[in-house]
Amino acid sequence: MNRKRIGVLISGRGSNLQALINACKRRDYPAEIVLIISNVPQAQGLLRAEAALIPTLTIDHKNFHTREAFDAALDAALNEAQVELLCNAGFLRLHTPGFVERWRDRHLNIHPSLLPAFKGLHVHERVIAAGCKISGCTVHFVRAEMDEGPIVAQAAVPVLGEDTAETLAARVLEAEHHLYPHALALVASGAVSLEDERVLDTNDQAQVPLFSPPLA
Ligand code: GRF
């Protein structure tokens, strides 16, 4: 099988990275992680990467005077490793438009809400404050605006009456860990493609259905 070469960008805990690492261990998975880059030297995700014997790089944004220079360093490292598809997994830097353009349609992000609702930070607090009965997570192609871009896959979870931001975050995160490997497989295998900024089944041009994570 021709596995797509994946780069992953992280800033912190790296639990989604771990879910991708685990998925890539499967022999039938259509992708392999060839490089993990953190912009934060102490990111816990770097330890997960090292434990999995995957090459890592720390590119600390604080060492760069401009966003352009930082993104150019990212780009150079990704190209050097011959990355074909890039996955943001809890990467807390906004990309420059030039970087987004260079990786256009080859660059995914995961966000802990049902986009286009609740872009940005403090998602779970805002979901609860709004009285939503359902929340979830989204994997989408990256575009220049934060948390915008064609939706590859979504999973939904209930919001319960007794939920705090922490309990809801934990329920959504569990769904994320199933959704990201699923969505990456769809893109890496070519099972879905972009048509006029919508992600459709490559064979029959149908919408990608809601993803149901396995029950805990
Ligand atoms: C996840 O909730 C992800 O959706 C968001 O940032 C968080 C990262 O968590 N973009 P982790 O680093 O993958 O554990």
Side-chain angles (χ1 to χ4, degrees), residues 6-25 31 33 35-52 54 56-61 74 85-95 99-100 103 107-128 132 134-159 163-187 210-211 213 216:
I6 308 298
V8 184
L9 302 183
I10 60 167
S11 298
R13 180 178 56 184
S15 69
N16 278 290
L17 165 68
Q18 187 69 57
L20 295 177
I21 289 173
N22 295 348
C24 288
K25 286 184 186 148
I33 301 173
L35 179 63
I36 294 162
I37 303 178
S38 173
N39 67 310
V40 176
Q42 315 77 14
Q44 192 194 337
L46 285 171
L47 303 178
R48 300 175 188 270
E50 283 156 18
I54 299 171
T56 61
L57 267 181
T58 299
I59 303 183
D60 189 342
H61 60 278
L74 285 185
L85 256 175
L86 183 56
C87 292
N88 286 19
F91 182 68
L92 300 178
R93 302 291 299 169
L94 265 185
H95 296 293
F99 184 89
V100 171
W103 287 91
H107 188 183
L108 299 174
N109 180 44
I110 187 159
H111 182 73
S113 78
L114 293 174
L115 291 174
F118 300 105
K119 296 172 182 167
L121 297 175
H122 309 297
V123 169
H124 308 296
E125 287 90 336
R126 289 190 285 135
V127 165
I128 290 171
C132 295
I134 193 163
S135 190
C137 46
T138 304
V139 174
H140 63 95
F141 281 102
V142 172
R143 294 291 181 261
E145 299 300 313
M146 185 172 61
D147 299 327
E148 269 199 16
I151 291 171
V152 178
Q154 290 184 313
V157 304
V159 182
D163 264 334
T164 61
E166 288 71 33
T167 59
L168 179 57
R171 192 175 310 118
V172 172
L173 190 65
E174 166 124 36
E176 292 183 48
H177 296 161
H178 295 287
L179 184 73
Y180 213 167
H182 166 75
L184 175 59
L186 289 177
V187 173
L210 181 69
F211 175 69

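Order of listing sets the numbers, starting from 1, for every ligand and every atom in it. For the single chain, residues carry numbers from 1 onward in sequence order.
- Note that CG of Leu115 and CD of Gln154 are 7.0 Å apart. Values are rounded to the nearest 0.5 Å.
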Report every pair formed by an N or O atom of ligand 1 and a protein N or O atom separated by less than 3.5 Å, giving atom names and the distance to 0.1 Å.
from	atom 1	to	atom 2	distance (Å)
ligand 1	2 (O)	Glu176	OE1	3.2
ligand 1	2 (O)	Glu176	OE2	3.0
ligand 1	4 (O)	Glu176	OE1	2.6
ligand 1	4 (O)	Glu176	OE2	3.4
ligand 1	9 (O)	Arg13	NH2	3.0
ligand 1	10 (N)	Ile110	O	3.0
ligand 1	12 (O)	Gly14	N	2.8
ligand 1	13 (O)	Ser15	N	3.3
ligand 1	13 (O)	Asn16	N	2.8
ligand 1	13 (O)	Asn16	ND2	3.0
ligand 1	14 (O)	Arg13	NE	2.6
ligand 1	14 (O)	Arg13	NH2	3.2
ligand 1	14 (O)	Ser15	N	2.8
ligand 1	14 (O)	Ser15	OG	2.5

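- Side chain of Gln42 to main chain of Gly12: no donor-acceptor pair is present (N/O by atom type, distance under 3.5 Å, no hydrogens or angles).
- Using bins of under 30°, 30° to 60° and over 60° for the plane-to-plane angle, the ring pair Phe99/His107 lands in the perpendicular bin.
- Taking the ring centroids of His95 and Phe91, they lie under the 6.0 Å cut-off.
- Using modelled atom types, one side-chain atom of Thr164 and one backbone atom of Thr167 make a donor-acceptor pair closer than 3.5 Å.
- At distances below 3.5 Å, at least one donor-acceptor pair connects side-chain atoms of Ser11 with backbone N or O atoms of Leu92.
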